[in-house]
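Here the structure comes first, spelled out in structure tokens, and everything after it is commentary.
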Amino acid sequence: MRLSAYFLPTLKENPNEAQIVSHRLMLRAGMVRQTSAGIYAWLPLGFRVLKKIEQIVREEQNAAGAQELLMPTIQPAELWKESGRYDDYGKEMLRIRDRHEREMLFGPTNEEMITDIFRSAVKSYRDLPRNLYHIQWKFRDEIRPRFGVMRGREFLMKDAYSFDLDADGARRSYQKMFLAYLRTFARLGMKAIPMQADTGPIGGDLSHEFIILAETGESGVFCDKEWLDLDVLASAPGFDDDLTPFFEKYTNIYAATDEKHDPATSPLKPEELVSARGIEVGHIFYFGTKYSAPLGAVVAGPNGEQITVEMGSYGIGVSRLVGAIIEASHDDAGIIWPDEVAPFKVGLINLKTGDADCDRACDELYRDLQAAGVEVLYDDRNERAGAKFADMDLIGLPWQLTVGPRGLKNGVVEMKRRATGEREELPRDAAFSKLTAA
RNA sequence: CGGAGCGUAGCGCAGUCUGGUAGCGCAUCUGCUUUGGGAGCAGAGGGUCCCGAGUUCGAAUCUCGGCGCUCCGACCA
């Protein structure tokens, strides 16, 4: 993409409305624009990141055996009356009436709807287990939206729902999602720690929150320092293996939110304990028949008996993750995207547009990198060097490739790694092979 | 929902106390000069001063009502 043609309204100054760093940087980097409190429009750069995260989440869900579908944002109130949550959910639920005065709502979650879909289609134990998920916008009318996209009212969430014949099966489904979550967050370049959690209004007796460590996180967390060195992707079993040893290993390493942590009863010596801050980005629940019973999600068992299915639900805050990743990965100059979610891999900076040599070298690099499948944002604007460097640091692409008249005279271009600030001058072809290999 | 603050050009702000018809920096546009870390000079455009009602010869400024946004607290992917 040529920056001269890209819709990227960056800001030099901090908008007054944004206080925390991820919100400020998202506005300054031209990723989002607020349209009302807690509701955001995603501009092209932000949208690319959102889609990258979504795709990683999707790949891991699919690998774990979950199947993607898509349910609507608007739901009929009747389903929620059946489960009893229409009255329980309170003002957080946005209620709507259509032109026929039917009661509708903008879905804050989809347990009722997925259970309805399931019960109408599945009648036999032979069709279990199933895990269905979608990635869809939700609305919760928060009392006080804040922190930009991290506590928006409208937000993009991946929510999966498992259906099993019995508690053992449900536990297996839960463990698969547990593994998928650890893999997902590791692939996003984040350290996410599962913590025993309250089950909240959804209910149930087995639940974990996944919390990303970030200095500016909203809740305090305590954990075994062993967490900091764990490499999930290296040690993870396959989804079809027996997951119990893995699950037990990871749930036995100490981790607790500050509400649950009690220094008096902590099993860890002070030197083993890490105190940090974190952001909740995922939450998984096993809740048995809480919805299948009232909604009548029942299948015939091997002996013809009626079995109420065991369910769990598994959420990941996709739009929240955009903010959370920035909270965990930025510096004074701007965002530092982990490679896997970066909106572009390389920012190509033409230091002197209009100069025949610079233009030719940049045009060729741009063309060749794209042909090699590398996502490039090419700054071909007629701006000063300083402005280009500042914008490139702000939007945080992993690699910056700078082409200027001075370097070209010596046959070199400059490559900078955004995360470390390391720069290297090297011949054009060497830079090209590094970027296509990395 | 309780407490606090803000609303003036795309962004950041001054002007409000003490009423006289709107200004600064950045951004934008034009020209010239510049060009390796947010350039210089000259010129230009851009405003329902959040909305409504009132007071007044006259309201960004005073009064009343409303709306929006932010922050702190109780709640949450």
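The model shown is predicted, which means the values in this text are computed figures rather than measured ones.
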* Asked: Of the candidate nucleotides B/C1, B/G38, B/C76, which contains the atom at the shortest distance from the side chain of A/Ile143?
  -> B/C1

* Asked: Taking only residues at least two apart or on different chains, which pairs with a member in residues 212-222 of chain A satisfy salt bridge (Lys or Arg N to Asp or Glu O under 4.0 Å)?
  -> A/Arg151-A/Glu218

* Structure fact -> Checking B/U28, B/C76, B/U70 against the side chain of A/Glu218 (C-beta onward), the nearest is B/C76

* **Which residues share a side chain to side chain contact (heavy atoms under 4.5 Å, CB included) with A/Ser120, sequence neighbours left out** => none

* Asked: With stacking defined as ring centroids separated by under 5.5 Å and planes differing by under 30°, is A/Phe389 stacked against B/G36?
  -> no

* Now, which nucleotide makes the Watson-Crick or G-U wobble pair with B/G5, with each of the two distances under 3.5 Å? -> B/C69

* Short side-chain donor-acceptor distance under 3.5 Å, A/Gln61 and A/Tyr133 -> no

* Considering only B/G36, B/C69, B/C75, which nucleotide approaches the side chain of A/Glu92 most closely? -> B/C75

* Structure fact -> Using Watson-Crick geometry (N1-N3 plus N6-O4 or O6-N4) or G-U wobble (N1-O2, O6-N3), each under 3.5 Å, B/C11 is paired with B/G25

Sequence neighbours excluded and cut-off under 3.5 Å, please list the side-chain donor-acceptor pairs for residues 181-191 of chain A, or say none.
residue, atom, partner, partner atom, Å
A/Tyr181, OH, A/Lys158, NZ, 2.7
A/Tyr181, OH, A/Tyr314, O, 3.1
A/Tyr181, OH, A/Gly315, N, 3.0
A/Tyr181, OH, A/Gly315, O, 3.0
A/Arg183, NE, A/Glu60, OE1, 2.7
A/Arg183, NH2, A/Glu60, OE2, 3.3
A/Thr184, OG1, A/Ala180, O, 2.6
A/Arg187, NH1, A/Glu59, OE1, 3.0
A/Arg187, NH1, A/Glu60, OE2, 3.0
A/Arg187, NH2, A/Glu59, OE1, 2.8
A/Lys191, NZ, A/Trp227, O, 3.3
A/Lys191, NZ, A/Leu228, O, 3.3
A/Lys191, NZ, A/Leu230, O, 2.9

* Verify the contact: side-chain N or O of A/Gln34 to OP1 or OP2 of B/U70, cut-off strictly under 4.0 Å; return yes or no. => yes

* **A/Arg320 vs A/Pro145, nearer the 5' end of RNA chain B by closest nucleotide** => A/Pro145

Pick out the pairs of N or O atoms, protein on one side and nucleotides 44-47 of chain B on the other, that lie under 3.5 Å.
none

* Structure fact -> What residues 129-139 of chain A contributes to the RNA chain B interface at heavy-atom separation below 4.0 Å is none

* To do: Go through B/C75, B/A77, B/G38 for me and flag the one nearest to the A/His283 side chain.
  => B/A77

* Structure fact -> Considering only heavy side-chain atoms of A/Gln19, the closest of B/G37, B/U70, B/C69 is B/U70

Cut-off 3.5 Å, no hydrogens considered: what does the side-chain donor-acceptor table look like for residues 6-21 of chain A, sequence neighbours left out?
residue, atom, partner, partner atom, Å
A/Thr10, OG1, A/Asp391, OD1, 3.2
A/Gln19, NE2, A/Asn16, O, 3.1

* Can you list the residues that meet the side-chain hydrogen bond (donor to acceptor under 3.5 Å, both in side chains) rule with A/Asp164, with sequence neighbours excluded? -> A/Ser173

* Asked: Are the charged groups of A/Glu111 and A/Arg85 less than 4.0 angstrom apart, N to O?
  -> yes

* Presence of donor-acceptor pair under 3.5 Å, side chain of A/Arg151 and base of B/C76 -> yes

* Determine which pairs satisfy side-chain hydrogen bond (donor to acceptor under 3.5 Å, both in side chains) with at least one residue from residues 400-411 of chain A, sequence neighbours left out, and list them in order. => A/Asp393-A/Gln400

* Rounded to the nearest angstrom, tell me the gap between atom CG in A/Asn410 and atom C1' in B/G36. => 13 Å

* Side chains of A/Glu142 and A/Glu92: does their closest heavy-atom pair fall under 4.5 Å? -> yes

* **Options B/A77, B/G38, B/C71, nucleotide nearest the side-chain atoms of A/Glu142** => B/A77

* **Pair partner, B/G45 [Watson-Crick or wobble, under 3.5 Å]** => none

* Just compare B/G36, B/C72, B/C75 and give me whichever is closest to any side-chain atom of A/Arg144. => B/C72

* Asked: Tell me, which pairs form a ring-ring contact (aromatic ring centres under 6.0 Å, His included) where one or both residues lie in residues 350-370 of chain A, sequence neighbours left out?
  -> A/Tyr366-A/Tyr378

* Please state whether the phosphate of B/U35, meaning OP1 or OP2, lies under 4.0 angstrom from any side-chain nitrogen or oxygen of A/Arg384. => no

* Structure fact -> In 5'-to-3' order, the base (B), backbone-only (S) or no-contact (-) status of each nucleotide in nucleotides 6-12 of chain B, using a 4.0 angstrom heavy-atom cut-off, is -----BS

* Roughly how many Å is it from CZ in A/Phe210 to P in B/C76, rounded to a whole number? -> 19 Å

* With sequence neighbours left out, what residues match A/Asn131 under side-chain hydrogen bond (donor to acceptor under 3.5 Å, both in side chains)? -> none

* Identify, with sequence neighbours excluded, every residue that meets side-chain hydrogen bond (donor to acceptor under 3.5 Å, both in side chains) alongside A/Thr257. => none

* Asked: Expressed in angstrom and rounded to an integer, what is the separation of A/Asp379 atom CG from B/G38 atom P?
  -> 15 Å

* Side-chain contact, heavy-atom cut-off 4.5 Å: A/Leu69 with A/Met71? -> yes

* Comparing A/Ala385 and A/Leu156 on RNA chain B - which has the more 5′ nearest nucleotide -> A/Ala385

* Does A/Glu383 make a side-chain donor-acceptor contact with the base of B/G38, cut-off 3.5 Å? -> no

* B/A74, B/C76, B/G36: which one has an atom nearest the side-chain heavy atoms of A/Thr402? -> B/G36

